[in-house]
There are 2 protein chains.
Amino acid sequence: MFYQAPPEAATPSFFRSGLPLPMLTEAGSGAMKRTMARCSGCARRSVCMPLDLSAAQISRLDTFVRETRPVSRGQPLYLAGDRFQNFYAIRTGSFKFVTVNRDGLEQISSFFVAGETLGLDGVSSGSHAGEAVALEDSSACVIPFAALEAFCAESRAMQRHLHRLMSEEIVRQAALVMLLGTMKAEQRVAAFLLNLSERVGRQGYPRSELALRMSREEIGNYLGLKLETVSRMLSKLTRQGLVEIRAKRIRIVDFGALARV
Amino acid sequence: MFYQAPPEAATPSFFRSGLPLPMLTEAGSGAMKRTMARCSGCARRSVCMPLDLSAAQISRLDTFVRETRPVSRGQPLYLAGDRFQNFYAIRTGSFKFVTVNRDGLEQISSFFVAGETLGLDGVSSGSHAGEAVALEDSSACVIPFAALEAFCAESRAMQRHLHRLMSEEIVRQAALVMLLGTMKAEQRVAAFLLNLSERVGRQGYPRSELALRMSREEIGNYLGLKLETVSRMLSKLTRQGLVEIRAKRIRIVDFGALARV
DNA sequence: CGGGGGCTTGAGCGTAGTCAAGTAAAGTGG
DNA sequence: CCACTTTACTTGACTACGCTCAAGCCCCCG
């Protein structure tokens, strides 16, 4: 869900990139400078776009995916109520998606990492239902939705891809509802770690090594628990020998037992 | 979200229909018989299809929306794991959407009523993530997804409609996550009643009269509470004079106070 | 190396869960 | 239509899980 397997000697950038893929080759990648996006030459296109596009279609992408936006840690990519115009494909880093209810209470309903797509919450109403905040210095490619929708009419593959994105979001949320509705604190934390682990594994890193990008409080908010409870459960799992913890670095020792919690 | 404002003297069928619209005019509407669907002549087309379709496009709908499926109370419209082939537009009645986790625990993550569309959970994986069960004798129009997707490539309006459907589902789930993550039992029940009330109102019935279609246990499951707790909270709200309850018939007396709970 | 924020741990409390009994409503069959 | 069975709901007493408040520790960063 966010992730990451830090091989012991990982360099910070490797560690942060989220995907074991080469960085883009564009010039001028200053931290806060907006850069041009070029899907046609992007090494990670397979992560955020469908595979079976023709060469012509790929260069067509370049006509509307023009910009990559850097976002510093703690800064929003968009805010609740912002007019919905774009999807954002995360290129590097990670984000949390936060909604605020009428009482001002915040709820984190998703964490996103590199390769995943943000902004789907705006499609139905025309404005964003929540805000997307960077958990670390990150960057995202800006995909204008109107142009994407037009492109979908031409490309079956792109249409499929879009539908899949939205449906995946639905399934992800359903899993969270399941967690919040049926699990006890210890199970929630265990499930969270395993989910994390799986995402790490999918990106080619060792499944047992996690480097959290979010605080205990954010984890608690996401899991419907208080930060103290998250901490207690992590300690409990440690005492039982299922995990080893050093601050935001977590090693999963016994996958089977963790799944059985 | 499910059910309904019973004007005191409502007939059973009116009561059950879910929408203040005339029934379809097709012949042969035996309870368990599958009937032909005809979007072109359907009085409720505006509820489940986009408004701005041309006459030609509407008759095009008839080429693939062919069947209406009756489902008896307690029976599934589809099961978890079923191959995903169709969306289902609910014509009459109501459904719950249930997912089952690996431990066999069930979680209701949505209730659906007439006019709403079921089955979105299957798009990403190709098979349904959960099952849709009728809360009462119901019927749904079968919309083959492949054909719908093809139609979307031709009609911008239909494409928009589909995207809106999926995004609405995302927003709905996000609201449930918010409820489960941040609210106390009394607030959850109050929010549930208000949500119900709003849907009732949108369908043209008085907002203050609710006729629940689901049991306390189902409400509790949906809200992440036990049935006893739901019952206690309903009693509490009654004692405070915010609602009046007679079994599955609920009258909201004080909307403002209910919202402030 | 010192300061500060994030994290851990403890004690006590409150909310919701569990178990159980009793009541109301909804089916079922004569 | 009524008696009977079954299921759904309500209420109470008790328990336990997670929250609150508070103190202290450990990283991480400057």
Side-chain angles (χ1 to χ4, degrees), chain A residues 6 12 15-16 72-74 96 105 107-108 135-137 179-193 210-240 243-250 261, chain B residues 2-3 6 12 15-16 72-74 96 105 107-108 135-137 179-193 210-240 243-250 261:
Chain A
F15 194 29
R16 172 139 48 70
S72 303
R73 178 193 159 103
K96 61 177 176 179
L105 283 171
Q107 174 66 41
I108 297 172
L135 291 172
E136 59 193 303
D137 291 349
L179 180 144
L180 292 171
T182 69
M183 295 186 183
K184 297 211 173 287
E186 190 179 5
Q187 295 177 304
R188 294 186 196 192
V189 173
F192 173 78
L193 294 178
L210 308 176
L212 307 185
R213 285 281 111 87
M214 71 294 294
S215 68
R216 297 288 190 268
E217 183 163 19
E218 287 167 327
I219 296 172
N221 183 300
Y222 177 68
L223 297 177
L225 302 170
K226 292 294 161 187
L227 70 94
E228 295 95 329
T229 304
V230 173
S231 182
R232 271 185 250 275
M233 294 307 134
L234 287 173
S235 300
K236 189 173 178 189
L237 294 174
T238 302
R239 256 179 278 124
Q240 296 170 339
V243 301
E244 287 169 11
I245 297 175
R246 219 184 57 237
K248 300 208 169 184
R249 193 144 301 186
I250 297 184
V261 163
Chain B
F2 3 68
Y3 72 79
F15 193 27
R16 172 140 46 71
S72 303
R73 178 194 158 102
K96 61 177 175 179
L105 282 172
Q107 174 66 39
I108 298 172
L135 291 173
E136 59 191 304
D137 291 350
L179 180 145
L180 293 171
T182 69
M183 294 186 182
K184 298 213 172 285
E186 191 179 4
Q187 296 177 303
R188 295 185 196 192
V189 174
F192 174 79
L193 293 178
L210 308 175
L212 307 185
R213 285 281 110 87
M214 71 293 295
S215 69
R216 299 287 189 268
E217 183 164 19
E218 287 167 327
I219 296 172
N221 183 301
Y222 177 69
L223 297 177
L225 302 170
K226 292 296 161 186
L227 69 95
E228 294 94 330
T229 304
V230 173
S231 183
R232 268 186 251 276
M233 294 307 135
L234 286 173
S235 299
K236 190 174 177 187
L237 294 175
T238 302
R239 256 178 279 123
Q240 297 171 339
V243 301
E244 287 169 12
I245 297 175
R246 218 181 60 234
K248 300 207 169 185
R249 193 143 302 186
I250 296 184
V261 163

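Chain letters run A, B, ... following the sequence lines, proteins first, then strands; residues in each count from 1. This one's a predicted model, so the numbers in the text were calculated from it and none came from an experiment.
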### Query
What nucleic acid atoms does B/G220 come within less than 4.0 Å of, heavy atoms only: base, sugar-phosphate, or nothing?
nothing

### Message
Once salt bridge (Lys or Arg N to Asp or Glu O under 4.0 Å) is applied, what residue pairs with a partner in residues 221-232 of chain A remain, sequence neighbours excluded?
### Response
none

### Task
Just jot down the salt bridge (Lys or Arg N to Asp or Glu O under 4.0 Å) partners of B/E217, sequence neighbours excluded, or say none.
none

### Query
Can you list the residues that meet the salt bridge (Lys or Arg N to Asp or Glu O under 4.0 Å) rule with B/K236, with sequence neighbours excluded?
B/E186

### Task
Report the residues that fulfil side chain to side chain contact (heavy atoms under 4.5 Å, CB included) with A/K248, sequence neighbours left out, ordered by chain and then residue number.
A/L212, A/S215

### Task
Look at the side chain of A/D137 and the backbone N and O of A/S72, then say whether any donor-acceptor pair between them is shorter than 3.5 Å.
no

### Task
Please answer whether the main-chain N or O of B/L227 pairs with a side-chain N or O of B/R216 as donor and acceptor at a distance below 3.5 Å.
no

Which whole-number value in Å describes the distance from [X] [atom1] to [N] [atom2]?
X	N	atom1	atom2	answer
A/R246	D/dC27	CZ	C1'	10 Å
A/E186	D/dG18	CD	C1'	13 Å
A/Q187	D/dC17	CD	P	12 Å
B/K226	D/dA16	NZ	P	16 Å
B/K184	D/dG18	NZ	P	13 Å

Report yes if the side chains of [X] and [Y] come closer than 4.5 Å at any heavy-atom pair, otherwise no.
X	Y	result
B/E218	B/L135	yes
A/V189	A/L225	yes
B/L193	B/L234	yes
A/N221	A/K96	no
A/V261	A/L237	yes

### Query
So what is the end-to-end bend of the helix from C/dC1-D/dG30 to C/dG30-D/dC1, with 5 pairs used at each end and the value given to 10 degrees?
50°

Look for any protein N or O under 3.5 Å of an N or O in nucleotides 6-11 of chain D and output each such pair with its distance, or none.
{"from": "D/dC9", "atom 1": "OP2", "to": "B/R216", "atom 2": "N", "distance (Å)": "3.0"}
{"from": "D/dT10", "atom 1": "OP1", "to": "B/R216", "atom 2": "NH2", "distance (Å)": "3.2"}
{"from": "D/dT10", "atom 1": "OP2", "to": "B/R216", "atom 2": "NE", "distance (Å)": "2.8"}
{"from": "D/dT10", "atom 1": "OP2", "to": "B/S231", "atom 2": "OG", "distance (Å)": "2.7"}
{"from": "D/dT10", "atom 1": "O5'", "to": "B/S231", "atom 2": "OG", "distance (Å)": "3.0"}
{"from": "D/dT11", "atom 1": "OP2", "to": "B/S235", "atom 2": "OG", "distance (Å)": "2.4"}

### Query
Of all nucleotides in DNA chain C with an atom under 4.0 Å from a non-hydrogen atom of chain B, which is the first and which the last going 5' to 3'?
C/dA16 to C/dC19

